[in-house]
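Inspection log for the structure reproduced underneath, given as structure tokens.
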Amino acid sequence: MSKLTPDQEARRARMGLLARARPSRLAALYPELPAHEVLRAPECGAVMVRGRVGASGGPFNLGEMTVTRCSLRLPDGTVGHAYVQGRDKDHALRAAAIDALSEAGQGDVAPVFEALRAEEAERRRTRAEKAAATKVEFFTMVRGEDQ
Amino acid sequence: MYVATKGGERAIEAAHQWLAEERRGDRDVPELSIAQIREQMSLAVNRVMAEGSLYDPDLAALAIKQARGDLIEAIFLIRAYRTTLPRFGASLPVETGEMAITRRVSATFKDVPGGQVLGPTFDYTHRLLDFKLAAEGTTPEAQRKSADETPAPHILDLLDRDGLMEPLETSEDTPSDLTREPLEMPADRPLRLQALARGDEGFVLSLAYSTQRGYGRTHAFVGELRIGTCAVEMEIPELGFAVEIGEVELSECETVNQFTGSKTEPAQFTRGYGLVFGQNERKSISMSLVDRALRWEELGEDNTGAPAQDAEFVLYHCDNIQATGFLEHIKLPHYVDFQSELELIRRLRREAGAEEREAAE
């Protein structure tokens, strides 16, 4: 894949956050949808998840996951897209709206991303800390004949 | 032969109503919610997602509830549902090396970069029933420890670096998909892995066990077993670049197997691979053993006639929905087939009787 521009990189990060957000949390963070025209109504479907043979070889089809997608346009013409895990149509619609608003440079969605980013970081940290607590610290028993 | 018969409608309706009542059980006992199944029966949910071949914990939990806990029936429901979904595309291959790890152990090396992480495992429990769970009590909180940012690279990469592992095929060709084209032999390794990933856990486990007991032995070590979450990325046509569309929990097993080398290959280790949706290490280890056993031909090993070496046998019998569909159909009306059998038996007996009478006369 060719290198992304900084704008594309930022949008990619935002869309990932929106996709991974819990639908109810996203609705709580941004309850009111802006005026918009739906270009592609929220649609549930499946994406084939691929793995790699032997972890780093060629691809193989592992199984599908549910995904909902949506595209819409704001009155100023900015288009927003969403591809979000699961079957929540409201999630996809809201994610597409927030994507469009951030593309249009509307600052009021920035706190949504800040909150999602912080909460996700906290969730990941919690899990990593629980994992770290189960890390084995090997030590070798001193055997009698070695003394 | 199948013929339409009528007259069962009322009985079927009554049977379904009774089924619904039995599913609910004693009404004095609180009803299970989907969220309760998803959160507290998560390994059952994982199995249904893996063998249903659709990652969606809420749907799997619903299927388990509807199937009264019959996991194969639940998998059947998921398989039926997934055929109704439009396919948006395929993800980029998940990079399991970047997994956020909850468990990671190696049976081949004690000290590995990133360490050995036990995670929420049943290992080292005493397998004694815990009657405290029968009484509603408080659940202890998991311990925590500050997590360093040490990366945890695949352990086999370390052997790979020293040239001791067989090289992997790295073709980026679109893999064939058995949900799109009927499974045909010979099946290449990507196709075999797809079939095994959605194959019945019990069947794959038994085959793997048979290789350990000598039926196609492959001398497997678990080089690495890791469980955790991976980001799923997909190219979005509207955008022209890939974005993360979600996260999936995966169990991955890489085995290291003996290979003594051949005329063209130096002695080296070979690989078996298992990757499964959700936390399911038994399935992922089983899958990697069977994957390795199926590779006898490309590695120039002997075919000992072991079941686990027979790709056609393994792949055509590992799908529990195909198996249960064909098995259970024999309980459905076969009145006409059976009538013809009955007619045949009677005729044979009549003819035999006539011959006996002739001989006696």
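Letters A, B, ... mirror the listed sequences (proteins, then strands); counts begin at 1.
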Report task. Give the member of B:A90, B:P175, B:G119 that has the highest number of heavy-atom pairs under 4.5 Å with chain A. Result -> B:P175

**Report entry** B:E247: which of A:R123, A:R127, A:R124, A:R22 passes salt bridge (charged side-chain N to carboxylate O under 4.0 Å, His left out)
**Finding:** A:R124

Requested in this report: Look only at the side chain of A:R12 and the backbone of B:A242, and say whether a donor-acceptor pair between them is shorter than 3.5 Å.
Outcome: yes

Query raised in the report: Which one of B:R103, B:R189, B:R104 has the most heavy-atom pairs closer than 4.5 Å to chain A?
Result: B:R189

Query raised in the report: B:R192, B:E224, B:E169: which one forms the most heavy-atom pairs within less than 4.5 Å of chain A?
Result: B:E169

Report task. Evaluate the side-chain proximity of A:S56 to B:L168: yes if any heavy-atom separation is below 4.5 Å, no if none is. Result -> yes

Query raised in the report: Considering all heavy atoms of both residues, which atom of B:G246 and which atom of A:R20 are nearest to each other, and what is their separation?
Result: CA-CG, 4.3 Å

Query raised in the report: Given the options B:G272, B:G89, B:C230, B:S176, which has more heavy-atom pairs under 4.5 Å with chain A than any of the others?
Result: B:G89

Query raised in the report: chain A heavy atoms under 4.5 Å from B:E172: which part of the residue, side chain, backbone, both or neither?
Result: both

Report summary line: Taking every heavy atom of B:A142 against every heavy atom of A:K130, the minimum-distance pair comes out as CB-CD, 3.7 Å

Query raised in the report: Minimum heavy-atom separation for B:S171 to A:P59, with atom names?
Result: O-CD, 3.3 Å

Report task. Pick one of side chain, backbone, both or neither for B:E95, based on which atoms fall under 4.5 Å of a heavy atom in chain A. Result -> side chain

Query raised in the report: After noting the C-alpha distance and the side-chain angles of B:R180 and A:N61, does the key distance pass the side-chain contact (heavy atoms from CB on, under 4.5 Å) rule?
Result: CA-CA 11 Å; B:R180 285 290 185 266; A:N61 293 306; over 6 Å; no

Requested in this report: Indicate yes or no: at least one non-hydrogen side-chain atom of A:T66 is less than 4.5 angstrom from one of B:L85.
Outcome: yes

Query raised in the report: B:V94 versus chain A, heavy atoms under 4.5 Å apart: side chain, backbone, both or neither?
Result: both

Query raised in the report: What part of B:E252 gets closer than 4.5 Å to chain A, counting heavy atoms only: side chain, backbone, both or neither?
Result: side chain

Query - Inter-chain contacts: residues 31-54 of chain A against chain B, heavy atoms under 4.5 Å - result: A:R40, A:E43, A:C44, A:G45, A:A46, A:V47, A:M48, A:V49, A:R50, A:G51, A:R52, A:V53, A:G54

Query raised in the report: Side chain, backbone, both or neither: which part of B:Y273 has a heavy atom under 4.5 Å from chain A?
Result: side chain

Report task. Supply the atom-to-atom distance B:L196 CG to A:F60 CZ, rounded to the nearest 0.5 angstrom. Result -> 9.5 Å

Requested in this report: Give the minimum heavy-atom separation between B:I245 and A:Y83, together with the two atoms involved.
Outcome: CG2-CB, 3.6 Å

Query raised in the report: What residue, out of B:L193, B:T96, B:L156, has the most heavy-atom pairs lying under 4.5 Å from chain A?
Result: B:L193

Query raised in the report: In this structure, are over 12 heavy atoms from other groups packed under 6.0 Å from B:E181 atom CD?
Result: no

Report summary line: Looking only at heavy atoms, the pair that brings B:S53 and A:G63 closest together is OG-CA, 3.4 Å

Query raised in the report: Does B:E238 pair with A:R69 as a salt bridge, N-O distance under 4.0 Å?
Result: no

Query raised in the report: Are the charged groups of B:R198 and A:E64 less than 4.0 angstrom apart, N to O?
Result: no

Query raised in the report: Which value, rounded to the nearest 0.5 Å, describes the distance between A:Q85 atom CD and B:Y55 atom OH?
Result: 7.0 Å

Report task. Under 4.5 Å heavy-atom distance to chain A, tell me which part of B:L59 shows up: side chain, backbone, both or neither. Result -> both

**Report entry** Nearest heavy-atom neighbours spanning B:F277 and A:L62
**Finding:** CE2-CD2, 3.7 Å

**Report entry** Atom group of B:D160 that falls short of 4.5 Å from chain A, counting heavy atoms
**Finding:** neither

Query raised in the report: Is B:K145 close to A:T134 at the side-chain level, that is, under 4.5 Å between some pair of heavy atoms?
Result: no

Requested in this report: Indicate yes or no: at least one non-hydrogen side-chain atom of A:R11 is less than 4.5 angstrom from one of B:L239.
Outcome: yes

Query raised in the report: Between B:A197, B:G274, B:P86, which has the largest tally of heavy atom pairs under 4.5 Å with chain A?
Result: B:P86

Query - Partners meeting side chain to side chain contact (heavy atoms under 4.5 Å, CB included) with B:D58 (sequence neighbours left out) - result: A:R87, B:I34, B:R38, B:D56

